[in-house]
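This is a predicted model, so every value here is computed, not measured. Residue numbers start at 1 and run along the sequence shown.
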Amino acid sequence: PTYEPRYTYNGVISGRREAWLVLQGITATFRGMGFWSLGQVFATADMPTDPVAIVTPANVIDGAFNYSSTATKARYSVILVKYQNPDDFNRPAVEPVISDKLVARFGWREKSVELDGCDSRSAAHRYGKWILDTEENETETVTYQAGIDHVKYAPGDVVMIADPRKAQ
């Protein structure tokens, strides 16, 4: 088998674009997120990590957690990932990633994404699979309001929610 780095950015920044858009394109390559804090730009990656805190009703204003889920109509079953194909003089190519399970559940719903700096078909495929995995498994969000003690947490930090109304 042929091995390659899991994430690489092989792009050329040749034109004038807002720095924020460039940062978002680079961080998307490694499934990350860029954010501005304390007068600086930071990047974080979507990777397994331990929670930095446990949030309970005692930690939030009015003890209220608000749950919502993504609409079924907003979920995709097919991802078309655009990347630069090195075997074709770095011309744009599209890697289709299809989830048979999601097609059976939601029907054929396409989403097109462009992966800046990607010149690997397998990396484009992995990126599409990650999107489909997110579409299938990360369907619920929770919001809450907290005091100043939560200001130390940064975007991308994982917190554990201990909500007795939701516990099983």
Ignoring hydrogens, what is the shortest heavy-atom contact between [X] and [Y]? Give both atom names and the distance.
| X | Y | result |
| --- | --- | --- |
| Thr27 | Ala43 | CG2-CB, 3.9 Å |
| Tyr9 | Gly25 | CE1-O, 4.3 Å |
| Val97 | Ala124 | CG2-O, 4.5 Å |
| Leu132 | Ile98 | CD1-C, 4.0 Å |
| Thr29 | Thr8 | CG2-O, 2.9 Å |
| Lys82 | Pro92 | CE-CB, 3.5 Å |

Non-hydrogen side-chain atoms of [X] and [Y] separated by less than 4.5 Å:
| X | Y | answer |
| --- | --- | --- |
| Pro51 | Val159 | no |
| Lys129 | Asp133 | no |
| Thr72 | Phe106 | yes |

Within 6.0 angstrom of [X] [atom1], more than 12 heavy atoms from elsewhere:
| X | atom1 | value |
| --- | --- | --- |
| Ile61 | CD1 | yes |
| Arg6 | CZ | no |
| Asp149 | CG | yes |

For Glu110, give me all partners under salt bridge (Lys or Arg N to Asp or Glu O under 4.0 Å), at least two apart in sequence or on another chain.
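Result, salt bridge (Lys or Arg N to Asp or Glu O under 4.0 Å) vs Glu110: none returned.
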Quick one: list whatever passes ring-ring contact (aromatic ring centres under 6.0 Å, His included) with Tyr153, sequence neighbours left out.
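Here the qualifying residues are His150.
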Presence of salt bridge, Arg126 and Glu4, under 4.0 angstrom:
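So Glu4 pairs with Arg126 through a salt bridge.
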Got a sec, which pairs hit side chain to side chain donor-acceptor pair (under 3.5 Å) with one end in residues 84-97, sequence neighbours left out?
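Residue pairs with at least one partner in residues 84-97: Asp88-Arg91, Glu95-Arg121, Glu95-His125.
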Pair Trp108-Val78, side-chain contact (heavy atoms from CB on, under 4.5 Å): steps then yes or no
CA-CA 7 Å; Trp108 188 276; Val78 178; 3.7 Å; yes
Value rounded to 0.5 Å, distance of [atom1] in [X] from [atom2] in [Y]:
| X | Y | atom1 | atom2 | result |
| --- | --- | --- | --- | --- |
| Asp46 | Thr134 | CG | OG1 | 7.0 Å |
| Arg75 | Glu136 | CZ | CD | 9.5 Å |
| Arg109 | Ile79 | CZ | CD1 | 12.0 Å |
| Leu38 | Gln40 | CG | CD | 7.0 Å |
| Ile13 | Leu21 | CD1 | CG | 11.5 Å |
| Tyr144 | Tyr67 | OH | OH | 10.5 Å |

For Arg105 and Ser77, does a side-chain donor sit closer than 3.5 Å to a side-chain acceptor?
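On atom types as modelled, these side chains do not qualify, holding no pair under 3.5 Å.
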Following the transitive rule for hydrophobic clusters with a side-chain heavy-atom cut-off under 4.5 Å over Ile, Leu, Val, Met, Phe, Trp and Tyr, establish whether [X] and [Y] coincide in one cluster.
| X | Y | answer |
| --- | --- | --- |
| Ile26 | Val113 | no |
| Tyr127 | Tyr83 | no |
| Leu102 | Ile131 | yes |
| Phe42 | Val158 | no |
| Leu115 | Trp130 | yes |

Criterion side chain to side chain donor-acceptor pair (under 3.5 Å) on Thr70 and Thr139, from CA distance to verdict
CA-CA 5 Å; Thr70 56; Thr139 59; 5.2 Å; no
Aromatic Phe65 / basic Lys166 pairing, under 6.0 angstrom, 45° off normal
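Output no; distance or angle outside limits.
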